[in-house]
Amino acid sequence: MTDLAPLARTADGDILGVTPEPLTLEPLVAALRADAFGATACFIGTVRSPNRGRAVRFIEYEGYEAMIVRELVAIAGDLHRGHAIGRVAMVHRLARLAPGEASIAIVVASGHRRAALDACSEALELCKQRLPVWKYEVTDDGGAYVRGASVAGATL
Amino acid sequence: MSAGPGLVGSADGTPPATRSAAVKVMLFAALRRAAGVRETVVEGASGRTVAEVAAEVGERFGLRLGGVMCAVNERYVDPGYELAEGDVLALLPPVSGG
């Protein structure tokens with residue numbers, strides 16, 4: 001993902017979005033950089049194999065794209081309110097991904113390290129809880145949806 | 001022909017004077033695979049709750065809805081949320097992003 005074009009930059013300078021393209025940190029780090037930010041925390045989530053003892057062939061990522069973007073905006077708002085951070089980037093990839101390929105990239109830039117590290121960690125937890133994304137994992141034994149969380153909203 | 005609730009359109013194709021308030025329902029992940037469709041339409045859904053409309057869709061496609069969350073117009077809502085005409089309801093199985 002060397003081109004940030006499909007990803008919107010918010011009024012806060014954040015970069016939030018969904019992409020089918022490979023994720024790389026460098027363009028996000030560069031886009032968030034400013035002289036006032038002495039700390040930049042990065043997280044990349046990749047497909048793990050083996051998972052639960054079984055070799056993973058690939059994971060098919062599926063999402064409700066319009067709602068993902070809306071939730072990312074809400075999560076970014078929570079992060080700005082809760083931490084002394086400058087800018088945040090959160091990008092989720094939706095595609096068929098092999099082990100080792102990145103599915104999510106999070107970058108947080110702030111004046112000092114603690115806020116960047118804490119916000120980066122919280123961003124990931126909020127993304128896992130709130131983004132309408134599903135993983136269909138295929139192993140040699142077949143495919144199944146990865147067990148998910150139902151904490152973002154009341155359930156039927 | 002009177003335009004009662006549930007009336008979608010007249011047989012001769014003329015637009016109905018009163019279209020029943022339809023709601024689009026989107027299905028994802030295991031629900032989409034089980035139903036075999038990405039979305040469906042529920043007529044006469046306006047004024048009914050998300051739980052009621054979800055139950056109708058569940059019955060239509062034989063879906064198990066335990067643990068499923070709901071969103072209306074891309075926002076999480078409670079099952080008691082009352083739908084209005086033109087709303088888009090999404091049925092979201094437990095999520096596993098990241």
Student: The criterion is side chain to side chain donor-acceptor pair (under 3.5 Å); which residues satisfy it with A:Arg87, sequence neighbours excluded?
Tutor: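 Partners of A:Arg87 by the side chain to side chain donor-acceptor pair (under 3.5 Å) criterion come out as none, since no residue qualifies.
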Student: Cluster question for you: counting only ILVMFWY and a side-chain heavy-atom cut-off of under 4.5 Å, with indirect links fine, are A:Phe37 and A:Leu79 together?
Tutor: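 No; tracing contacts between hydrophobic side chains, which count when under 4.5 Å, never links both residues.
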Student: Can you say whether B:Arg75 sits under 4.5 Å from chain A via the side chain, the backbone, both, or neither, judging by heavy atoms?
Tutor: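 The answer is both parts of B:Arg75.
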Student: Could you have a look at B:Gly67, B:Ala51, B:Gly66 and say which one has the most heavy-atom pairs with chain A under 4.5 angstrom?
Tutor: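 Between B:Gly67, B:Ala51, B:Gly66, the count favours B:Gly67.
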Student: Is it possible for you to say whether A:Val56 and A:Phe58 belong to one hydrophobic cluster, with membership spreading through side-chain heavy-atom contacts below 4.5 Å?
Tutor: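 No; tracing contacts between hydrophobic side chains, which count when under 4.5 Å, never links both residues.
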Student: For the residue pair B:Ala29 and A:Trp134, what are the closest heavy atoms and their distance?
Tutor: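 Heavy atoms only, the tightest pair is CB-CG, 3.4 Å.
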Student: Would you please go through residues 90-98 of chain B and name the residues with a non-hydrogen atom below 4.5 Å from one of chain A, in numerical order?
Tutor: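 Hits under 4.5 Å: B:Ala90, B:Leu91, B:Leu92, B:Pro93, B:Pro94, B:Val95, B:Ser96, B:Gly97, B:Gly98.
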Student: Considering only heavy atoms, give the residues of residues 147-156 of chain A separated from chain B by less than 4.5 Å, sorted numerically, with 'none' for an empty result.
Tutor: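 Against chain B, the residues of residues 147-156 of chain A that fall inside the cut-off (heavy atoms, under 4.5 Å) are A:Arg147, A:Gly148, A:Ala149, A:Ser150, A:Val151, A:Ala152, A:Gly153, A:Ala154, A:Thr155, A:Leu156.
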Student: When clusters are formed by joining ILVMFWY residues with side-chain heavy atoms under 4.5 Å apart, either directly or through shared neighbours, do A:Val18 and B:Val88 land in the same one?
Tutor: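 No.
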Student: Does one hydrophobic cluster hold both A:Val69 and A:Val88, with members joined at side-chain heavy-atom distances below 4.5 Å?
Tutor: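 Hydrophobic grouping puts A:Val69 with A:Val88.
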Student: With a cut-off of 6.0 Å (strictly less than), are more than 12 heavy atoms of other residues, nucleotides or ligands near CZ of B:Arg60?
Tutor: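 Yes, the 6.0 Å shell around CZ holds more than 12 heavy atoms from other groups.
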Student: For A:Glu71, is it the side chain, the backbone, both, or neither that has a heavy atom closer than 4.5 Å to a heavy atom of chain B?
Tutor: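 When you check distances to chain B, only side chain atoms of A:Glu71 fall under 4.5 Å.
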Student: CD/A:Glu62 to CZ/B:Arg33 distance, rounded to the nearest 0.5 angstrom?
Tutor: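 Result: 7.0 Å between the selected atoms.
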Student: Let me check something: do B:Leu31 and B:Met26 share a hydrophobic cluster, defined by ILVMFWY side-chain heavy atoms less than 4.5 Å apart, either directly or through other members?
Tutor: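 No, separate clusters.
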Student: Against B:Phe28, only a single residue in A:Tyr145, A:Tyr64, A:Tyr136, A:Tyr61 fulfils ring-ring contact (aromatic ring centres under 6.0 Å, His included); can you say which?
Tutor: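 Only one option passes, and that is A:Tyr64.
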Student: Tracing side-chain links under 4.5 Å among I, L, V, M, F, W and Y, which residues wind up in one group with A:Leu117?
Tutor: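 Via sub-4.5 Å side-chain contacts, A:Leu117 links to none.
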Student: Give the minimum heavy-atom separation between A:Met67 and B:Glu74, together with the two atoms involved.
Tutor: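 Heavy-atom minimum between the residues: CG-O, 3.3 Å.
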